[in-house]
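All chains are named by letter (A, B, ...) in the order of the sequence lines, taking the proteins before the strands, and each is independently numbered beginning at 1. Note that this is a predicted model, so its numbers are computed, not measured.
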Number of protein chains: 2
Amino acid sequence: MCRMTVTLSDVAREAGVSLATASRAINGSSNRTVRPELRDKVLAAAHRLRYSPDANAQAMARGRTTALGLVVHDIADPYFSMIVSGVTAAAERAGLMVTLASTDRDPERELAFVDLMQRQRARAIIVAGGRTDDADANTTLADALAEYSSHGGGVAVVGQALLGVDTVTIENEASTSELATKLHGLGYRRFAILAGPQGHLTARARFNGFRDGLAALGVTIDDARVVHCAFTRDGGFEGMSELVSRGLISAGGAGPVDAVFAVNDVMAVGAMAAARAAGLSVPGDVGIAGFDDIITLRDITPSLTTIRLPLADIGALVTELALSPARAEPRIVPVDGEVIVRDSTPRRG
Amino acid sequence: MCRMTVTLSDVAREAGVSLATASRAINGSSNRTVRPELRDKVLAAAHRLRYSPDANAQAMARGRTTALGLVVHDIADPYFSMIVSGVTAAAERAGLMVTLASTDRDPERELAFVDLMQRQRARAIIVAGGRTDDADANTTLADALAEYSSHGGGVAVVGQALLGVDTVTIENEASTSELATKLHGLGYRRFAILAGPQGHLTARARFNGFRDGLAALGVTIDDARVVHCAFTRDGGFEGMSELVSRGLISAGGAGPVDAVFAVNDVMAVGAMAAARAAGLSVPGDVGIAGFDDIITLRDITPSLTTIRLPLADIGALVTELALSPARAEPRIVPVDGEVIVRDSTPRRG
DNA sequence: TTGTAGGCGTTATCAA
DNA sequence: TTGATAACGCCTACAA
């Protein structure tokens, strides 16, 4: 039934060769030097005994592992699951296995995972997900990553470049600025913004870019039209409800606001739901735009004006960064978003 | 810069104690026996030297790891990412790290991953995702899992109970049968089905359940109204387009079909898009129902009649199964779906 | 309570 | 080309 584990020694004995030879035959070590005849004998023995190499022992002997650590805020969020998809694909290509942690934005859990990967001697760690402006948390994480990195581990993050490591940054400002310009070009003039949580840097960047884009066109957004809310569907719902209850949006597009920009797609969808719940029509009474171009939401009605991010590519990219030899200076790789205008913001007569 | 790795020996020397004592102090081994005074000295030394235990070495010495393998078909699919979310949460509670593979439904990659986890001596392997009727692939996978299991690894799958291991099954037939009954109760009589791929067992079960539920009410579905298509959004789109082009669905609900059941939500959404693209209205011209109750799609318009699955719970459940001591007989844990009627299938006058 | 020493399964060095 | 044998970093009887 459950005989002891078969080790390489067993295989060697079975094949009538030395341990060293068996090792060489099975993994074709550096100097490919083992007579085919013996090699086959070893392989046959290994197969016969159902030998399975112990990866932990190999890792120890070789001094390197085959693990890649990946931290995301929330794996159930389509934004992250798409990035993870890109990472797993790239990792598989690189012959690595990915160890995943979904930390729910908890700095302590992020830290714990970095420590865990450090102990696992993982080859690299990837951190996905925007930071907040919690300087302590960022510093602590940066320190942990630096410590890990100083022992030869690769590190890369997607988000803001403030962890002192290779980073894939999203051109949030530029993209939202462009979105603002396009919406303006479509005839929108009176904007409100569902700006996400206060300390959320990605949310902030998207908000700033949008506001600045408008400012460049001479349009300003007063504070009463900026609602801070959770970075989630429910946050969008509540934010929009707030706008409605403030009397900013009303039927016939006659309200003080003719378009709402939500700093991500799921918020935008929540906002749409809130609008409907309030008896308002989108885009009839108000236009709505989001950010991310989440695939699952591509069939929403009306189709959502948004900014497309190549999330899977970003995952692949950050993996390459994490795996490539470290530079003295951290590399920053900016990724552009593409504004996509759809039915949720038709031309405003 | 990159000094050699700090080992436990270094810590022991620095603390002026033996290796054994250092080991006991740091991990508080079985018999908690180490004078507080010494313990503190060791801990201080460890901290001073920035000691990080080598998990691989520990795994080898202890003879057990802390890894949990998880295979899904496609991590970018919200169905799976939700399950993964449940698994990662449960794994964290159990003090395990999860190693993820997204296999894109490729049997060879599934196998490769099981083998990989076998070599890693992972504590357990979880396989999420319905099987196909490819007997060879199923047998091969079952064998690999059995082999793994015979070495003491835990195994559990969510899907069909044909791998000979603990399984969380979805009550596909019962749920879809109930859905059929409810739709019938709402006045629908002339159904078409977007049935998914031919060999896909989950798709088949959902189709069968729906058909049987109708049959019990004296309603039959002839083959012309069953379209096989990919288990994806695009599959749903194409399937619906096919139905339309066959002249089965037309404006005013006057066509031969008054409701379409898609075997999952993303297909249903694709079908909605196709209906719209064909100038048809949902639910005006045709009702549509799906399966899964994907959260991200909960705000789709019209809101989708579907069957809710507690996906995160399923993830937690399958994790518990995988981690609990193996039984002689595989356990089968059925999970019910809950029919949720929404706007996409209003009462039919 | 602490220390000594053997072992975990491989790889790698160095002779033969 | 092959084979002893020493690491690899840690845990754990067993002995002191």
Side-chain angles (χ1 to χ4, degrees), chain A residues 3-43 45-46 49-67 116 118-122 151-152, chain B residues 3-43 45-46 49-67 116 118-122 151-152:
Chain A
R3 189 165 64 269
M4 272 301 288
T5 312
V6 176
T7 77
L8 192 53
S9 307
D10 299 326
V11 175
R13 191 178 322 115
E14 171 86 5
V17 302
S18 77
L19 183 59
T21 301
S23 173
R24 291 191 270 251
I26 284 188
N27 73 25
S29 98
S30 48
N31 347 2
R32 51 195 166 76
T33 50
V34 72
R35 203 177 351 145
E37 179 185 323
L38 270 192
R39 204 185 60 89
D40 292 347
K41 222 154 65 172
V42 172
L43 260 35
L49 265 39
R50 300 184 165 292
Y51 168 69
S52 169
D54 183 321
N56 288 294
Q58 291 182 314
M60 231 185 86
R62 297 207 249 245
R64 71 194 145 77
T65 68
T66 174
L116 178 59
Q118 162 103 268
R119 291 144 70 143
Q120 295 292 337
R121 306 293 188 256
H151 288 343
Chain B
R3 190 165 64 270
M4 272 301 289
T5 311
V6 176
T7 78
L8 191 54
S9 307
D10 300 325
V11 175
R13 190 178 325 116
E14 169 86 5
V17 302
S18 76
L19 220 185
T21 301
S23 171
R24 291 189 272 249
I26 285 187
N27 73 25
S29 94
S30 47
N31 347 3
R32 54 199 164 74
T33 49
V34 72
R35 207 185 338 154
E37 182 184 323
L38 271 193
R39 204 184 61 90
D40 292 348
K41 222 153 64 171
V42 172
L43 261 33
L49 266 38
R50 301 185 165 291
Y51 169 69
S52 169
D54 184 322
N56 287 295
Q58 290 182 315
M60 233 186 84
R62 299 206 248 244
R64 70 195 147 74
T65 68
T66 174
L116 178 60
Q118 162 102 268
R119 291 143 71 139
Q120 295 292 338
R121 306 294 187 256
H151 288 344

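- Taking every side-chain heavy atom of B:Ala20 into account, C:dG3 is the closest of C:dT10, D:dG9, C:dG3.
- Interatomic distance, CD of B:Gln58 versus CE of A:Met60, reported as 11.0 Å (0.5 Å rounding).
- Among all heavy-atom pairs drawn from B:Ala12 and B:Ala22, the shortest one is CB-CB, 3.8 Å.
- Atom NZ of A:Lys41 is separated from atom P of D:dT2 by 10 Å (rounded to the nearest Å).
- For B:Arg24 and C:dG3, a side-chain-to-base donor-acceptor distance below 3.5 Å is present, hydrogens and geometry of angles not being considered.
- Interatomic distance, CG of A:Asp54 versus OG1 of B:Thr65, reported as 9.5 Å (0.5 Å rounding).
- For A:Thr21, counting side-chain heavy atoms from C-beta on, the closest listed nucleotide (C:dT2, D:dT2, C:dT10) is D:dT2.
- Computed from coordinates, the B:Leu8 CG to D:dC8 C1' distance equals 14 Å when rounded to whole Å.
- The interatomic distance linking A:Arg119 (CZ) with D:dC8 (P) rounds to 22 Å, in whole Å.
- At the phosphate of C:dG3, OP1 or OP2 sits under 4.0 Å from a side-chain N or O atom of B:Ser18.
- To the nearest angstrom, C1' of D:dT12 lies 11 Å from CG of B:Leu19.
- When the C1' atom of C:dA12 is taken as reference, atom CE of A:Met60 falls 13 Å away, rounded to whole Å.
- Taking atom CG of A:Asn27 as the reference point, atom C1' of C:dT10 lies 9 Å away to the nearest angstrom.
- The 5' end of DNA chain C is approached more closely, in terms of each residue's nearest nucleotide, by B:Pro36 than by the other of B:Pro36 and A:Arg64.
- Comparing D:dC11, D:dT2, C:dT11 by their nearest atom to the side chain of A:Ser23 picks out C:dT11.
- Distances from the side chain of A:Arg35 to the nucleotides D:dT2, C:dC8, C:dT11 place D:dT2 closest.
- Atom CZ of A:Arg62 and atom P of C:dG9 are 16 Å apart (whole Å).
- As rounded to whole Å, 14 Å separates atom C1' of C:dT10 from atom CG of B:Asp54.
- In this structure, the side chains of A:Val17 and A:Arg35 stay at 4.5 Å or more apart for every pair of heavy atoms.
- Residue A:Gln58 places its side chain closer to C:dT11 than to any other of C:dT11, D:dC10, C:dT2.
- In this structure, A:Asn56 does not reach the C:dC8 phosphate: none of its side-chain N or O atoms is under 4.0 Å from OP1 or OP2.
- Along DNA chain C, the nucleotide nearest B:Val17 and the nucleotide nearest A:Ala61 are compared for position; the residue whose nucleotide lies closer to the 5' end is B:Val17.
- Of the possible polar contacts, one joining the B:Asn56 side chain to the A:Gln120 backbone as a donor-acceptor pair under 3.5 Å is found.
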